[in-house]
Amino acid sequence: MTVSVTGLTKRFSDHTALDGVGLDVRPAEFLALLGPSGSGKTTLLRIIGGLDFPDAGTVTFAGENVAGRPARDRRVGFVFQNYALFRHMRVADNIAFGLTVKPRRERPDARTIAARVDELLALVQLPGLGRRYPAQLSGGQRQRVALARALAVDPSVLLLDEPFGALDAKVRNDLRRWLRGVHETMGLTSIFVTHDQDEALDLADRVAVMNAGRIEQVDTPDAVYNRPATAFVADFIGNACRFDARLAGGGVDVAGVRLSNSGPACADGPGVAFVRPHEFAILPAGAPGLAATVRRVAHTGSRAGVECVLADGRIVDVSAPLDVAAGMGDAVTLVPTTVRAYPA
Amino acid sequence: MTGSASTSEPRWLRFVLITIALAFLAVNLALPLAAVFAGALAKGLAVYRSAIVEPDARAAMRLTLTVAAIAVPLNIVFGLTASWAVTKFDFPGKSLLISLIDLPLSVSPVVSGLIYVLLFGLQGWAGPWLRDHDIRIVFAVPGIVLATTFVTFPFVARELIPLMLEQGRSDEEAARSLGASGWQTFVRVTLPNIRWGLLYGVLLCNARAMGEFGAVSVVSGHIRGLTNTLPLHIEILYNEYNYVAAFAVASLLAGLALVTLVAKSLLEWRFGDSIAGGGH
Amino acid sequence: MSAIFIKTAGLGPHAFVAVALSKRALSAYRLSFGAAALAAAINSVFGLLVAWVLVRYDFAGKRVVSALVDLPFALPTAVAGIALTALYAPTGWIGAWLPVKVAFEPLGVVVALTFIGLPFVVRTIEPVLADLGTDVEEAAASLGAGRAQTVVRVVLPAILPALATGFALAFARGVGEYGSVIFIAGNLPYRSEIAPLLIVQQLEQYNYRGATAIAATMLAASFAVLLAINLLQAWDRRKMAA
């Protein structure tokens, strides 16, 4: 099912959470809403789920406007950040909840519900744990119960708010793979909120990068990483070093070196340029470029991490081949090989 | 905290619920409070004034203040010691001690008073010895102080224990590792951390100490001008059908209650986090 | 405390039964426990409502209302007693409007104990309700539950242990309450006489053994209630605590 929002605006008493947001989510797509805290991503998710209502704008599910419809009538599956499991109910009762609150005419009988619960427990790989209470489960298990509960009502959209936020790193990675698998089996349109870019880039079909109540870019992980549309995205995604620059004649001047601009085409004038750690060449001192001193070289894994100090005192991390010819205390010149520049 | 759009009741229902709750509180709490002041001023300010400055009333006031002035500091010491022991150390019988702290809250104040009569009264265990040494406890001021101290014991400790549990031992351990003595640790680390919670407990303790009726009634002997506290004086006046005077004296205690409530609310409002763990 | 039981033990079973289980004592227990239970039940309903309104809604004067809830903790019981009596007497502000007699009747005991017990219920429920958060309610709504279903199936069960604890605390306090009750009760033997008053009367007649016997009976009952509270909380912790 297609989920579309247009012109969504939501103001809280002291700030604007969403400022004219538009977004189209394709059927069966796995979309990440990525942004720093306060960027409006959770508000957007909650409005799509019918937990909050916008001041202006539309929300459509498969072309039908649902903006005024409360959560209970939207058929969305919502997985909450801290799972929001019902602590006083057993796992099976948590999962069955959505079925047991249906109007009497539509409510399945007890046996059908029990069968559905077993099926879902199997899907989330927790068979036999139906009689436990949520407090008796680990964080990862609770997460999966929350997902099973959301899926029980056959939602048309699955919404997940920081689904891995409360888990430790190891569990988080396992669950990530598993969730992607579940998504592919179910074929549901799914939207998840995260502030963790690794998670978004690793998991999503497309990533919507949000900043200050607006969407900066919606694209595939590859495009968001390699072809950021705005200075914010270039700065936020990956680990980039920022320089003041001049845009002129389709190229960019950084620290006296003229380079071609890999960012989007833009008018001449002052700008900002971003260079990723692996996009520097380390040349001997005296070459045209950024004069720097090597402070530390760490050989970790397949690349060497070279920590350099620029003349103005700024520290630049450079990722170089393992056989890099630089040692501690060496004076070197850093030359960017790829630069993305944007108007300042 | 207010619910989001999806978890709040419709406006009319909210209005109805708030109205019912406020009406219940108005009838059950606000009206009795108003009745005290209305009763006190029923015959005008002059009568009110004379009821308060009358010698027996002033003696009762003095005794109530004296009792509170002894019982409250005692319970600050007891409360601090008990909470310190319970939260910073492990020892056998600890859970028993925690249960004992709450005991005076769940025992009828009349029974609490009775205990002191049994222990120190003429027919009590210590009675003959006390009589031989010409010491009067029951039907005298010491008995009133003892009973009040017992009844108000839980208030300080109950406020402090959850607070100190929440704060843990790490601050104290850090201070000890830096070479502070036990006393220095207590005065310079523990006490500043709990001062608002302590004040909160003291407020409640004081209100109860000045207003205790059942326990004090049993041990006091009701000797006018000598062993009558303010609440007992109210009872005597009331039973003599001297309603205006009874309400006049009651209005003093009601005023104390109001001051306590205001101070308590201010504390909760200003230092909500550092007196958390509350609840009664 | 043990003095009470030792003294009672010295009484002998016959004398104990004669005093502690006399007809007059039994009707006093019945009134003390019955009125305390009824008042605690009334407070469970209204206390829940008050706690809900205080936690969930914003309205003018909320801080004042919240402070007022603690009035019964701060107001001396004797003051409360005479104020309630004045209000509910046949000529009082409230008594004049009521079709039934309240003051100087068993009903008056219920009124006094309702006054005394309210903050126990409100202050026990409030933190649990605040802690519950709205996300479980949102979860219920997104799963298709109506507001009433959410409240009945999600909110109420979650605060039920706190409600039961509040009930028990209010009940325990009500059983032992003396100061606020004796003014409004009328204190007629067999009709509106509470158990603590019986103890005081025995004492006034210097019948220490009789007083002690009744006190022991009440203490035993109070311990039973305390035990019930602790078991309830332990059960709740075992089931739901992380």
Side-chain angles (χ1 to χ4, degrees), chain B residues 1-4 6-9 14 17-18 20-22 24-25 27-33 35-36 39 103 106-111 114-115 117-119 121 123 125 204 207 210-214 217-218 231-232 234-235 238 243 246-247 250 253-254 257 260-262 264-265 269 279-280, chain C residues 1 3-4 7 46 49-50 52-53 55-59 63 65-80 82-84 86-87 93-94 114-115 118-120 123-124 127 130 134 137-138 141 147 172 175-176 178-179 183 196 199-200 203 208 211-212 215 218-219 222 226:
Chain B
M1 179 182 57
T2 44
S4 68
S6 60
T7 57
S8 202
E9 284 67 38
R14 253 183 293 174
L17 292 178
I18 292 175
I20 296 176
L22 291 186
F24 177 78
L25 293 177
V27 172
N28 197 36
L29 301 180
L31 265 187
L33 191 61
V36 173
L103 195 64
S106 42
V107 169
S108 174
V110 169
V111 175
L114 175 63
I115 294 167
V117 174
L118 290 183
L119 287 178
Q123 303 177 23
W125 292 350
L204 297 178
M210 293 199 177
E212 177 51 29
F213 182 75
S217 170
V218 171
L232 299 181
I234 293 172
E235 184 192 20
Y238 193 85
Y243 294 143
F247 279 110
L253 288 172
T260 305
L261 288 186
V262 169
K264 181 174 174 293
S265 306
W269 179 49
H280 300 274
Chain C
M1 196 65 45
I4 300 264
K7 190 93 179 173
F46 286 98
L49 179 65
V50 169
W52 178 272
V53 164
V55 171
R56 288 299 170 86
Y57 302 152
D58 278 325
F59 53 91
R63 231 192 277 284
V65 171
S66 175
L68 189 66
V69 168
D70 282 331
L71 181 70
F73 283 148
L75 192 70
T77 52
V79 178
I82 63 170
L84 290 170
L87 280 179
W93 292 350
I94 298 176
T114 306
F115 174 88
L118 181 71
F120 289 93
R123 295 301 182 221
T124 313
T134 45
E137 291 170 54
E138 290 178 347
R147 193 64 192 138
V175 168
Y178 177 69
F183 296 98
I199 298 176
V200 173
L203 272 179
Y208 289 4
T212 315
M218 288 187 62
L219 268 183
S222 299
L226 266 191

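Throughout, a chain's letter reflects where its sequence line sits, starting with A, and its residues are numbered from 1. Heavy atoms only: backbone and side chains are in, while hydrogens, waters and symmetry mates are out.
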State the [atom1]-[atom2] distance between [X] and [Y], to the nearest 0.5 angstrom.
X: Leu68(C); Y: Leu29(B); atom1: CG; atom2: CG; result: 5.0 Å
X: Leu219(C); Y: Ile115(B); atom1: CG; atom2: CD1; result: 7.0 Å
X: Arg56(C); Y: Glu9(B); atom1: CZ; atom2: CD; result: 8.0 Å
X: Thr114(C); Y: Asn28(B); atom1: OG1; atom2: CG; result: 6.5 Å
X: Phe59(C); Y: Leu22(B); atom1: CZ; atom2: CG; result: 5.0 Å
X: Asp70(C); Y: Ser265(B); atom1: CG; atom2: OG; result: 7.5 Å

Under 4.5 Å from any heavy atom of chain B - which part of [X]:
X: Leu87(C); result: side chain
X: Ala211(C); result: both
X: Val69(C); result: both

Shortest non-hydrogen separation from Tyr178(C) to Gly214(B) and the atoms involved: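 That closest heavy-atom pairing would be CD2-CA, 3.6 Å.
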Parallel, tilted or perpendicular: ring planes of Tyr238(B) versus Phe183(C), cut at 30 and 60 degrees: perpendicular
Max heavy-atom pair count under 4.5 Å with chain B, selected residue of Ile199(C), Leu84(C), Ile82(C), Leu203(C):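 Among the listed options, the one with the most contacts to chain B is Ile82(C).
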Step-by-step side chain to side chain contact (heavy atoms under 4.5 Å, CB included) determination, Phe73(C) to Leu261(B): CA-CA 9 Å; Phe73(C) 283 148; Leu261(B) 288 186; over 6 Å; no
Test log, rule side chain to side chain contact (heavy atoms under 4.5 Å, CB included), inputs Leu118(C) and Leu25(B): CA-CA 9 Å; Leu118(C) 181 71; Leu25(B) 293 177; 3.5 Å; yes
4.5 Å side-chain heavy-atom contact, Val117(B) and Tyr208(C): yes
Heavy-atom pair count under 4.5 Å with chain C, highest-scoring of Ile234(B), Leu17(B), Thr260(B), Val36(B):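 So the answer, after comparing Ile234(B), Leu17(B), Thr260(B), Val36(B), is Leu17(B).
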